[in-house]
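A short worksheet on the structure shown next.
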Amino acid sequence: MSRRFGPLFGASLAATAAAFAYALALIFLAAPEERVMGAVQKIFYVHVPIALSTFVAVFVLLVGALGYLATRQPVWDRLAVATCEVGWLFCTLVLVTGPIWAKPAWGVWWTWEAKITTTLVLWLLLAGILLARGYASTPEQGARIGAVLGVVAALDVPIVYKAVDWWRGQHPIVFGPGRGNPLAPGMGAALAASTVAVLLLFALLVMLRMRLAALEDALVAAEEAASRSS
Amino acid sequence: MSFLRAALAIAAKDLRIEGKTLRTAASTGLFALVVIVVFAFAFDLDTVRRLGAPRVVPGILWVTLAFSAIVAFSRSFEIERQRDALTALALAPVDRGAVFAGKCLSNLALLFGLEVVLVPLTLVFFDAADDVSVPALAGVLALHTLGLAELGTLLGAVASRLARGEALLAVLFLPAATPLLLAAVQCTRGAIEGSMGAAEARWMLVTAGCDVLYFLIALLVFETVLEEG
């Protein structure tokens, strides 16, 4: 484990910054203003990619948790804890950007619609995992508990979505089978660029958090070695 | 020892302890009663009648059941913590899945016992007993309580491994139980109205799927939960 940031990190940082600059230029300069909603609709280009990244995070969390349960290698736990924390952060951003758009567009800050409710339940599940990890008495116990709860949460989320969807509905469905492409030409490009930028940012933050976890482990190991030799 | 016999032995042990002390039944039952009374203050009978009992009572019933179940789940592993009985259970030469199944069975039996008292009482308190289809309601309760018991047993075991983890159980359990609680409320409405239709059948199917999924997850991870350290 190197102490300095490697060239991979520098390259990802540069790529993320460039992608964001390009995406912002497309969003505010190239993409046409939406006819009914006006400038408010621009938040769609941030909201949708962040929501997408949140659900990518849940999937990677499942992979990390199952990987840790199967192999007990710390690297899988670092992946799980990183995606859990960054996923929780992104989930928070989804829940913040959504209402900012919903108030002018729907007239209410909040509705108990399927995607919103699922995102809130996911936020609670991820917060529960982070809280439980904080209660653990050893890092290994935290990793095991985190992996178990990660599997439960990740597999529960699709069921929560289906259940709330039957219970309620009304989220704007922009993409879906048989709908064609509803976006004006400039809008699609801006959304695509923004999605790439946000996913890169997500990957970058996960990498940083994993590196931090590795440093924490190294520190604990060094302290143990020091206390044994003294 | 076969899986089923081991599970039954563990469940019988729990129920024997419970039969001698009645501590879980007493604390869970009293807590449930308190919650029902609080609901009666929050929504007085006029409000319930105006909205229609089938729209309000299922929610009251399942929130009460879920809250009291949390009390039962944390008690279930508290008795294993005394004199470190959980370590002995973990050392027993049986499948870890059987340990889970046994704890789950005893929790399920306790919750069924609670429901036998609580459900008629709730229907009477909120004047919702007139059109109830008893077999339908029994089926709804059985299927959804099974799911809650599985999830609660798994998460109760997780919480019991953590210092001061009892406080955490509600935070872990209630969000994870969202699909079960939604389905339970929908199906219970049908049972109270005395008409189970296609919508309720679909919800029952969701719950049956959850029951199977939670059991499989528990079999997969319970060994990890029981590990020492």
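Every chain is numbered from 1 and lettered A, B, ... according to where its sequence line falls, protein lines coming before strand lines.
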Item to check | Least distance between heavy atoms, A/Leu125 atom then B/Pro175 atom | outcome: CD2-CB, 3.9 Å
Item to check | side chain to side chain donor-acceptor pair (under 3.5 Å) partners for A/Tyr45, two or more places apart | outcome: none
Checklist entry - Should A/Leu149 and B/Leu155 be marked as a side-chain contact (heavy atoms from CB on, under 4.5 Å) after you check the CA-CA gap, both sets of side-chain angles, and the distance that decides it? => result CA-CA 8 Å; A/Leu149 294 177; B/Leu155 296 175; 3.4 Å; yes
Checklist entry - Would B/Val221 and A/Arg144 satisfy side-chain contact (heavy atoms from CB on, under 4.5 Å), going step by step from the backbone distance to the final call? => result CA-CA 9 Å; B/Val221 301; A/Arg144 283 203 311 274; over 6 Å; no
Item to check | Distance-minimising heavy-atom pair for A/Asp156 and B/Tyr214 | outcome: OD1-OH, 2.6 Å
Next on the checklist: Is B/Leu213 in contact with chain A via its backbone, its side chain, both, or neither, using a 4.5 Å heavy-atom distance?
Outcome noted: side chain
Item to check | Side chain / backbone / both / neither for A/Ala132 at chain B, heavy atoms under 4.5 Å | outcome: both
Next on the checklist: For B/Phe222, give me all partners under ring-ring contact (aromatic ring centres under 6.0 Å, His included), at least two apart in sequence or on another chain.
Outcome noted: B/Phe100
Checklist entry - In terms of heavy-atom proximity below 4.5 Å to chain A, should B/Val158 be classed as side chain, backbone, both, or neither? => result both
Checklist entry - Heavy-atom distance under 4.5 Å to chain A: side chain of B/Ala183, backbone, both or neither? => result neither
Checklist entry - Going by residue number, which parts of residues 50-60 of chain A are within reach of chain B, meaning a heavy-atom gap below 4.5 Å? => result none
Item to check | Check: B/Val206 and A/Lys162 side chains under 4.5 Å, non-hydrogen atoms | outcome: no
Checklist entry - Is there any ring pair (Phe, Tyr, Trp, His ring centres under 6.0 Å) pair reaching into residues 204-230 of chain A, and which pairs are they, with sequence neighbours excluded? => result none
